[in-house]
Chemist: 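Structure in structure tokens, see below.
We number each residue from 1, following the sequence as shown.
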Amino acid sequence: MESLTTGNSVAVTITGLSHDGQGVARLDDRVLFVAGALPGEQVQVRLTHRARRHWLAELQEVKTPAPERRKPPCILADNCGGCSLQHFEDRGQQHWKHQKVVDAMRRIAHLNQPVAPLLASADGLGYRNRAIIPLERCEDGRLRAGFYRRGSHSIVNMNHCPVLDPRLDGLIAPLKADLEASDWPVDRDCREGGGLRHLALRIGHHSGELLITLVSSHADLDGLEFLAGQWLGRWPELVGVCLNLQPHPTNTLMGEETRVVAGRGWLRESFCNLQLRIGADTFFQVHTQQAERVVPLLLSALEAIPAGVMVDAYSGIGTYSLPVAAAGWHVHGIELSQEAVNQAKTNASENGLSGRASFETGVVAQCLAEHLGHCDALFLDPPRKGLEPVTIGAIREHPPAHLIYLSCDPATLARDLAMLVAEGLYQLESLQPLDFFPQTSHVETLAVLRR
């Protein structure tokens, strides 16, 4: 092949998908990544960036489409970075996600454990119960609101997002109009005096209660209380309007301080027959129905032994701790966020579970070891980076008889499982993938291990 440079147009055959859902091809001695391409397709691409071992390319034309290709449900899908797989029909996505878990286990963990069929979402659209939408004011005063263009910091302006719960989606256009009409500065990078940065929306899937939160670098927003009162009057399901202060020019979306402007700073949601308070700025799974499917799997993994003590690492607001406590276990949760711990304690109290559920604020890597010698089961739900080496070391030194690990990244799960099953410490009993994020490359996996 002739010498290639950035800007060249070439024809390639897509042979697979990368971990983040980009099409993969070979170009000379390098791997080529093409967003929007599917396995088996013949495509024409424009080379955009050359790295040491790979090329990045822009899809120009699909000459031979894959059978699983479809027209994306969202008109912005080709530009917006919020979703990466809308061009891939749902069954194709589901098959690929299942295989993604299988491949990670074989390639990284060197495990041939059977992987159960993916528990797919009943609907690939309208499922997200939360959105944090970047804002930008143009020079002519118009407001742009939308997710970032793939691989950039440029906002793709939108008025609708079909992945959001329709009740949230319906708020975007009128809220944009109200914020555009205000004279509040908008500066997502805090480089020109600060101002509004994000619009955050949250809904209780079952309760229907709504929260609106404005994220700003400062609180100098004249008329906010009046506008918040108007919003509460306009939407009966709206229970609160909040202001989150994030003054730092970082990629962290929300700051540590959240003020209630009108109404209350939390919504009520039903989850597995329990009533939870969920705050404006606390973590809760964005796909309520899929998150609820984890609970019977977790309880099934525990039912073979008498109810005892379970430690819930990364316990959040008690999402999984409290259903286990309701089933007769004593649960102790460890969580970094003080606000989440406060809400977990409130949720335990309001469900009559304070006697069975306790929570502490702390770093799991620092706090876990002291509890491992006194528990019968350990539940892990870490962030995407997985477990820290010190956490793995603590588990290996004092291994509970039962370990259940909910992961949002098959690669880090496989890495951690390889260390947990080393030298026969644990036996991996089951792997159950779940699709919490249709239209994206993400997949959750619940792993059950026993001594």
Chemist: Do Ile395 and Leu380 make a side-chain contact, defined as non-hydrogen atoms from C-beta onward lying under 4.5 Å apart?
Modeler: yes

Chemist: To the nearest 0.5 Å, what is the distance between CD (Glu292) and CG (Leu297)?
Modeler: 12.5 Å

Chemist: Considering residues, nucleotides and ligands other than Arg91, do more than 12 of their heavy atoms fall under 6.0 Å from its CZ?
Modeler: no

Chemist: Say whether, by atom type as modelled, one donor and one acceptor occur between the side chain of Arg293 and the main chain of Ala120 under 3.5 angstrom.
Modeler: yes

Chemist: Got a list of side-chain donor-acceptor pairs under 3.5 Å for residues 318-329, not counting sequence neighbours?
Modeler:
from	atom 1	to	atom 2	distance (Å)
Tyr320	OH	Ala291	O	3.3
Ser321	OG	Asp312	OD2	2.4

Chemist: For the side chain of Thr445 and the backbone of Gln432, is there at least one donor-acceptor N/O pair under 3.5 Å apart?
Modeler: no

Chemist: Would you check if the side chain of Arg70 reaches a backbone N or O of Pro72 as a donor-acceptor pair within less than 3.5 Å?
Modeler: no

Chemist: Is there a donor-acceptor contact under 3.5 Å from the side chain of Arg396 to the main chain of Met419?
Modeler: yes

Chemist: Is the backbone of Asn129 close enough, under 3.5 Å, to the side chain of Arg167 for a donor and an acceptor to pair up by distance?
Modeler: no

Chemist: Which atoms form the tightest heavy-atom contact between Asp165 and His205, and what is the distance?
Modeler: OD2-ND1, 4.1 Å

Chemist: To the nearest 0.5 Å, what is the distance between CZ on Arg197 and CD on Glu136?
Modeler: 13.0 Å

Chemist: Decide whether Ser18 and Asp20 meet the rule of one side-chain donor and one side-chain acceptor closer than 3.5 Å.
Modeler: yes

Chemist: Which class fits the ring pair His442 and Phe437: parallel under 30°, tilted 30 to 60°, perpendicular over 60°?
Modeler: perpendicular

Chemist: Does His153 NE2 have over 12 foreign heavy atoms under 6.0 Å away?
Modeler: yes

Chemist: Rounded to the nearest 0.5 Å, how far does CZ of Phe436 lie from NE2 of His287?
Modeler: 8.5 Å

Chemist: Suppose we screen for side chain to side chain contact (heavy atoms under 4.5 Å, CB included). Which residues come up paired with Cys242, at least two apart in sequence or across chains?
Modeler: Thr213, Thr258, Val260, Ala280

Chemist: Taking all atoms of both residues into account, what is the closest heavy-atom pair of Gln439 and Gln86, and its distance?
Modeler: OE1-CA, 3.7 Å

Chemist: Working note: Ser337 + Gln343, criterion side chain to side chain contact (heavy atoms under 4.5 Å, CB included); need CA distance, chi angles, decisive distance, verdict.
Modeler: CA-CA 10 Å; Ser337 166; Gln343 289 185 37; over 6 Å; no

Chemist: Using a 4.5 Å cut-off on heavy atoms from C-beta on, say whether the side chain of Leu302 contacts that of Ile404.
Modeler: yes

Chemist: Between Leu221 and Trp184, which heavy-atom pair has the shortest distance, and what is it?
Modeler: C-NE1, 3.4 Å

Chemist: If I compare all heavy atoms of Val12 with all of Arg26, which pair ends up nearest, and what's the gap?
Modeler: CG1-O, 4.4 Å

Chemist: Any side-chain donor paired with an acceptor under 3.5 Å for Gln338 and Thr361?
Modeler: yes

Chemist: Quick one, Glu444 with Leu406, criterion side chain to side chain contact (heavy atoms under 4.5 Å, CB included). Give me CA distance, side-chain angles, the key distance, then yes/no.
Modeler: CA-CA 7 Å; Glu444 305 276 322; Leu406 180 62; 4.1 Å; yes

Chemist: Is the closest basic N to carboxylate O distance between Arg450 and Glu429 below 4.0 Å?
Modeler: yes

Chemist: Do any N or O atoms from the side chain of Asp416 and from the backbone of Leu387 form a donor-acceptor pair under 3.5 angstrom?
Modeler: yes

Chemist: Is it true that a side-chain atom of His402 and a backbone atom of Met310 form a donor plus acceptor pair closer than 3.5 Å?
Modeler: no

Chemist: Kindly give the heavy-atom pair with the smallest separation between Ile317 and Asn347, and that separation in Å.
Modeler: O-ND2, 3.1 Å

Chemist: Do side-chain atoms of Gln246 reach the backbone of Leu253 as a donor and acceptor pair under 3.5 angstrom?
Modeler: no

Chemist: Can you tell me how far apart CD (Gln366) and CG (Leu336) are? Round to the nearest 0.5 Å.
Modeler: 9.5 Å

Chemist: Let me see the working for Tyr426 and Arg451 under side chain to side chain contact (heavy atoms under 4.5 Å, CB included), right down to the final yes or no.
Modeler: CA-CA 5 Å; Tyr426 279 101; Arg451 286 292 306 276; 3.8 Å; yes

Chemist: Assess whether atom CD of Glu423 is packed by more than 12 heavy atoms of other residues, nucleotides or ligands within 6.0 Å.
Modeler: no

Chemist: Any heavy-atom pair between the side chains of Leu274 and Glu350 that's under 4.5 Å?
Modeler: no

Chemist: Let me confirm one number: the CZ-CD1 distance from Phe379 to Ile334, rounded to the nearest 0.5 Å.
Modeler: 13.0 Å

Chemist: Atom CD of residue position Glu256 - does it have more than 12 heavy atoms of other residues, nucleotides or ligands inside 6.0 Å?
Modeler: no

Chemist: Check whether any side-chain heavy atom of Pro185 sits under 4.5 Å from a side-chain heavy atom of His218, and report yes or no.
Modeler: yes

Chemist: Using a 4.5 Å cut-off on heavy atoms from C-beta on, say whether the side chain of Trp55 contacts that of Asp28.
Modeler: no

Chemist: Over all heavy atoms of both residues, which pair between Met158 and Ile133 is shortest? Give the atoms and the distance, please.
Modeler: CE-CD1, 3.8 Å

Chemist: Please examine the side chains of Phe359 and His332, heavy atoms only from C-beta on, and report whether any two atoms are closer than 4.5 Å.
Modeler: no

Chemist: With a 3.5 Å distance limit and no angle check, can you tell me whether His248 reaches the backbone of Thr250 through a side-chain donor-acceptor pair?
Modeler: no

Chemist: Is a donor on one side and an acceptor on the other found under 3.5 Å between the side chain of Asp123 and the backbone of Leu125?
Modeler: yes

Chemist: Are any non-hydrogen side-chain atoms of Thr440 and Val163 less than 4.5 angstrom apart?
Modeler: no

Chemist: Nearest 0.5 angstrom please: Gln22 CD to Leu56 CG, how far?
Modeler: 6.5 Å

Chemist: Taking the six-membered ring for Trp and the full ring for Phe, Tyr or His, determine whether the centres of His54 and Phe33 are under 6.0 Å apart.
Modeler: yes

